[in-house]
Amino acid sequence: MNNQGFLCFSTAAILMAAVSTGFCQNNAGSQAKPIAQPLVTNIYTADPSAHVFNGRIYIYPSHDIEAGIPQNDNGDHFDMRDYHVLSMDRIGGKVTDHGVALDKKDVPWVGRQMWAPDAAYKNGKYYLYFPAKDKQDVFRIGVATSSSPAGPFKAEPKPIAGSYSIDPAVFTDADGNSYMYFGGIWGGQLQRWQTGKYNPKDEYPKNDQPAISPKVARLSKDMLSFAEPVRDVKIVDKDGKPLLAGDNKRRFFEAAWLHKYKGKYYFSYSTGDTHFIAYATGTSPYGPFTYQGVILNPVVGWTNHHSIVEVGGKWYLFYHDSVQSGGKTHLRSVKVTELKYRPDGSIETITAYQK
């Protein structure tokens, strides 16, 4: 959800660069085409968290708007103010925009910037988890509930105790335990929590030190609080050594997601300033997770954020890009494409554009 002041000059140029270099640069004369079209065009949407509830596909995205705020590394121009829920009965089917599911004016503790959400179902209720800055401009994670997967959702009056940073993603395992993964560096403020307490100064490890870890905590049975202290999610290389802070093509930046395939846990995430969706695998929802490779090459726009869900025996990657807005990195559109596994369980890398 962070940005580094990125500007593209033409849709043709950015599509060509996405194919040839994996990222948006001014390279004219492209005939490159996106492999997928936006799910909706009436609003801008991003950061899609997809789930199947009651046989229907529901997508919980951010709702991008033009807030008129200059771009900066803290992502202030991502000034989203509410959430919409999208749904469809099948991949490729008609998409319904269910309208506003939650607005910041209805959440007492929120100051600004309602960023990438996720949802879960348990106890006969649907839960919407969302990050936002509180009145002190510190990111926290809130939770809202509904009797319907489409909302509207009613928020708890306070954020989840002990929560911080951004990009909550909730995974429920076969034993019924649910876990929240979260965190994001730079504008996501994860670097300010390295001691366990908030430090208003941005301090990062040196390049030869272990990278800042994403976080995980098991949720309580009522899904409204953490049932345990927050833990680090360790991402390691094939030798079992932690990925380093300077390894920005592989280290975690934001956008955690966990899914399970053939008994193995797949932890996927964005590398941020190198713009990949990468993944690592492990044998426990707590990790450690061993880096395996890239799921999605860089897309048009600065951010890259995704979810992975099984629908009807096939797997799909939901993602976003900025093609519809002509490359405006804060005005993105959610898309979907099939995700394929090789026989050994590795994931085939996807490029979102073709010549």
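- The backbone N or O of Asp232 lies less than 3.5 Å from no partner atom in the side chain of Ser213, so there is not a single donor-acceptor pair.
- In Lys122, the NZ atom is crowded: over 12 heavy atoms of neighbouring residues, nucleotides or ligands sit closer than 6.0 Å.
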Enumerate donor-acceptor pairs with a distance under 3.5 Å from any side-chain N or O in residues 34-44 to protein atoms, sequence neighbours excluded.
from, atom 1, to, atom 2, distance (Å)
Asn42, ND2, Asp97, OD2, 3.0

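- Arg342 places a side-chain heavy atom less than 4.5 Å from the side chain of Glu348.
- In summary, the aromatic rings of Trp193 and Tyr198 are positioned with their centroids under 6.0 Å apart.
- Between Asp321 and Arg332, no side-chain nitrogen of the basic residue sits less than 4.0 Å from a carboxylate oxygen of the acidic one, so the salt-bridge criterion is not met.
- Legend: residues meeting ring pair (Phe, Tyr, Trp, His ring centres under 6.0 Å) with Tyr286, ordered by chain and number and at least two apart, are Tyr179.
- Counted by atom type alone, Tyr265 and Asp173 present one or more donor-acceptor pairs between their side chains at under 3.5 Å.
- In this structure, Tyr291 has no ring pair (Phe, Tyr, Trp, His ring centres under 6.0 Å) partners at least two apart in sequence or on a different chain.
- Residues Thr303 and His320 have side chains that bring a donor and an acceptor to within less than 3.5 angstrom of each other.
- Remark: the Asn304 side chain and the Ser270 side chain contain no N/O donor-acceptor pair separated by less than 3.5 Å.
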Please report the C-alpha distance between Tyr269 and Phe289 in whole Å, then the side-chain angles of each, then the deciding distance to 0.1 Å, and finally whether the side-chain contact (heavy atoms from CB on, under 4.5 Å) criterion is met. CA-CA 12 Å; Tyr269 56 94; Phe289 297 99; over 6 Å; no
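- Considering only heavy atoms from C-beta on, Trp257 stays 4.5 Å or farther from Phe318 through its side chain.
- No donor-acceptor pair under 3.5 Å is formed between the side chain of Thr290 and the backbone N or O of Val236.
- Between Gln194 and Asn199 there is no side-chain heavy-atom pair separated by less than 4.5 Å.
- Checked by atom type and distance alone, the side chain of Ser220 never pairs as donor or acceptor with a backbone atom of Ala227 at under 3.5 Å.
- Side-chain contact between Gln292 and Ile347: absent, with no pair of heavy atoms (C-beta onward) separated by less than 4.5 Å.
- In this structure a side-chain-to-backbone donor-acceptor pair under 3.5 Å is present from Glu228 to Arg218.
- Among all heavy-atom pairs drawn from Thr271 and Phe253, the shortest one is C-CB, 3.3 Å.
- With His63 as the partner, the side-chain hydrogen bond (donor to acceptor under 3.5 Å, both in side chains) test is satisfied by one option alone out of Thr45, Asp103, Asp82: Asp82.
- With Lys135 contributing its side chain and Val110 its backbone, the two residues share a donor-acceptor pair below 3.5 Å.
- With a 4.5 Å cut-off on side-chain heavy atoms, Tyr127 and Leu219 do not count as touching.
- A salt bridge links Asp273 with Arg251: the distance from a Lys NZ or Arg NE/NH1/NH2 to an Asp or Glu carboxylate oxygen falls below 4.0 Å.
- Lys234 NZ: 12 or fewer foreign heavy atoms inside a 6.0 Å radius.
- Inter-residue side-chain proximity for Pro205 and Pro210 is flagged as unmet; no heavy-atom pair is nearer than 4.5 Å.
- Panel note: side chain Gln189, backbone Phe139; a donor-acceptor pair is recorded below 3.5 Å.
- Ion pairing between Asp137 and Arg112 holds under the 4.0 Å rule for side-chain N and carboxylate O.
- The side-chain heavy atoms of Ile91 and Lys314, taken from C-beta on, include no pair separated by under 4.5 Å.
- Aromatic ring centroids of Tyr58 and His51 lie 6.0 Å or more apart.
- For the residue pair Leu190 and Tyr164, the shortest heavy atom distance occurs at CD1-CE1, 3.8 Å.
- Using a distance-only test at 3.5 Å, with no hydrogens or angles considered, a donor-acceptor pair links the side chain of Asn72 to the main chain of Asn74.
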I would like to know whether Phe130 and Ser62 meet side-chain contact (heavy atoms from CB on, under 4.5 Å); could you show each step before the answer? CA-CA 9 Å; Phe130 59 96; Ser62 303; over 6 Å; no
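- Within the 4.5 Å cutoff, side-chain heavy atoms of Val230 are placed close to those of Phe182.
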